[in-house]
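Worksheet for the structure shown next.
Residues take their numbers from the sequence shown, with the count starting at 1. For clarity, every value in this text was computed on a predicted model and none was experimentally measured.
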Amino acid sequence: MTTFASIDDYVASFPDGPREILEQVRDAMRRGAPGSEEKIRYGMPALMFRDRYGLHFAGWKKHVGLYPVAALEGALEEQVAPYRAAKDTVQFFYAKPVPYDLIEQVTLELASRHAD
């Protein structure tokens, strides 16, 4: 397993195409939780909410995943449901348009659950 010193290094390790998608996922997450600390955690990029809680993203061969994405409320969960791969996992396949606005909304919601 490769160890990365920074999220920039992690994202740069991907080929064209997936790399641009990962950059846009990162940007969407930043918009959803401005000022959150970014770090590599469990070998994946993460935005941290109050040190202990975080939202991670990871690039794979065919998709980018967000972890953990707990159950959301109402319409937001309905929008996320088609992308759920497991209880707390959401996957967006590179071959399909990635809903960056939805990623931003999910990040905002999860960050708000851990606000001061």
Side-chain angles (χ1 to χ4, degrees):
M1 182 171 156
T2 304
T3 303
F4 298 96
S6 70
I7 294 176
D8 289 334
D9 291 344
Y10 179 91
V11 171
S13 73
F14 284 82
D16 291 347
R19 182 177 56 245
E20 287 82 7
I21 291 171
L22 292 173
E23 288 170 351
Q24 291 180 64
V25 167
R26 181 184 186 188
D27 288 344
M29 291 172 64
R30 286 172 163 169
R31 288 191 306 272
S36 294
E37 178 189 7
E38 292 185 305
K39 66 188 324 186
I40 297 290
R41 188 169 180 242
Y42 304 119
M44 296 180 281
L47 255 65
M48 300 304 296
F49 314 133
R50 295 184 63 215
D51 296 328
R52 186 170 169 214
Y53 303 98
L55 178 60
H56 304 73
F57 72 96
W60 301 97
K61 186 176 181 177
K62 296 183 180 185
H63 71 277
V64 59
L66 299 182
Y67 319 93
V69 180
L72 303 163
E73 299 294 323
L76 188 54
E77 179 60 35
E78 289 175 16
Q79 292 175 30
V80 169
Y83 304 102
R84 283 219 182 262
K87 180 181 173 187
D88 289 338
T89 300
V90 176
Q91 294 178 342
F92 303 102
F93 286 87
Y94 301 136
K96 297 181 180 181
V98 175
Y100 301 108
D101 290 343
L102 180 59
I103 293 169
E104 180 180 344
Q105 291 172 16
V106 167
T107 305
L108 176 65
E109 171 61 26
L110 296 174
S112 72
R113 292 180 181 188
H114 302 290
D116 290 331

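- To the nearest 0.5 Å, atoms CD (Glu78) and CD (Glu73) are separated by 11.5 Å.
- Classification of the Tyr83-Phe92 ring pair by plane angle, with boundaries at 30° and 60°, yields tilted.
- Remark: Thr107 OG1 to Tyr100 OH distance equals 13.0 Å, nearest 0.5 Å.
- The shortest distance between side-chain heavy atoms of Val98 and His63 does not fall below 4.5 Å.
- Residues Glu109 and Val106 fail the side-chain proximity criterion, which asks for heavy atoms closer than 4.5 Å.
- Within the 4.5 Å cutoff, the side chain of Arg84 has heavy atoms near those of the Val69 side chain.
- Residues Val90 and Ile103 are not in side-chain contact: their nearest non-hydrogen atoms beyond the backbone lie 4.5 Å or more apart.
- Formation of a donor-acceptor pair under 3.5 Å by the Tyr10 side chain with backbone atoms of Gly59 is found in this model.
- Listed here is the closest heavy atom pair of Gly54 and Pro68: O-CD, 3.6 Å.
- Under the 4.5 Å side-chain heavy-atom criterion for Ile, Leu, Val, Met, Phe, Trp and Tyr, Phe14 and Val25 are members of the same hydrophobic cluster.
- Between Arg41 atom CZ and Leu47 atom CG the span is 11.5 Å, to the nearest 0.5 Å.
- Exactly one of Glu37, Glu23, Glu104, Glu38 qualifies for a salt bridge (Lys or Arg N to Asp or Glu O under 4.0 Å) with Arg30. That residue is Glu38.
- Here CG of Leu110 is found 9.0 Å from CE of Met29. Values are rounded to the nearest 0.5 Å.
- For the pair Lys62 and Pro18, the minimum side-chain heavy-atom distance is 4.5 Å or more.
- Atom OH of residue Tyr94 and atom CG of residue Leu22 lie 4.5 Å apart, to the nearest 0.5 angstrom.
- The nearest pair of heavy atoms linking Asp9 to Ala5 is OD2-CB, 3.6 Å.
- A distance of 6.0 Å separates CD in Gln91 from OH in Tyr67, rounded to the nearest 0.5 Å.
- Leu76 and Leu66 fall within a single hydrophobic cluster, where Ile, Leu, Val, Met, Phe, Trp and Tyr are joined by side-chain heavy atoms under 4.5 Å apart, directly or via other members.
- For the pair Phe57 and Ile7, the minimum side-chain heavy-atom distance is below 4.5 Å.
- Hydrophobic clustering (ILVMFWY, side-chain heavy atoms < 4.5 Å, transitive): Met48 and Leu55 are in distinct clusters.
- A distance-only check finds a donor-acceptor pair linking the side chain of Glu20 to the backbone of Gly17 [under 3.5 Å].
- Counting all heavy atoms, side chain and backbone alike, His56 lies closest to Ala46 at CD2-CB, 3.4 Å.
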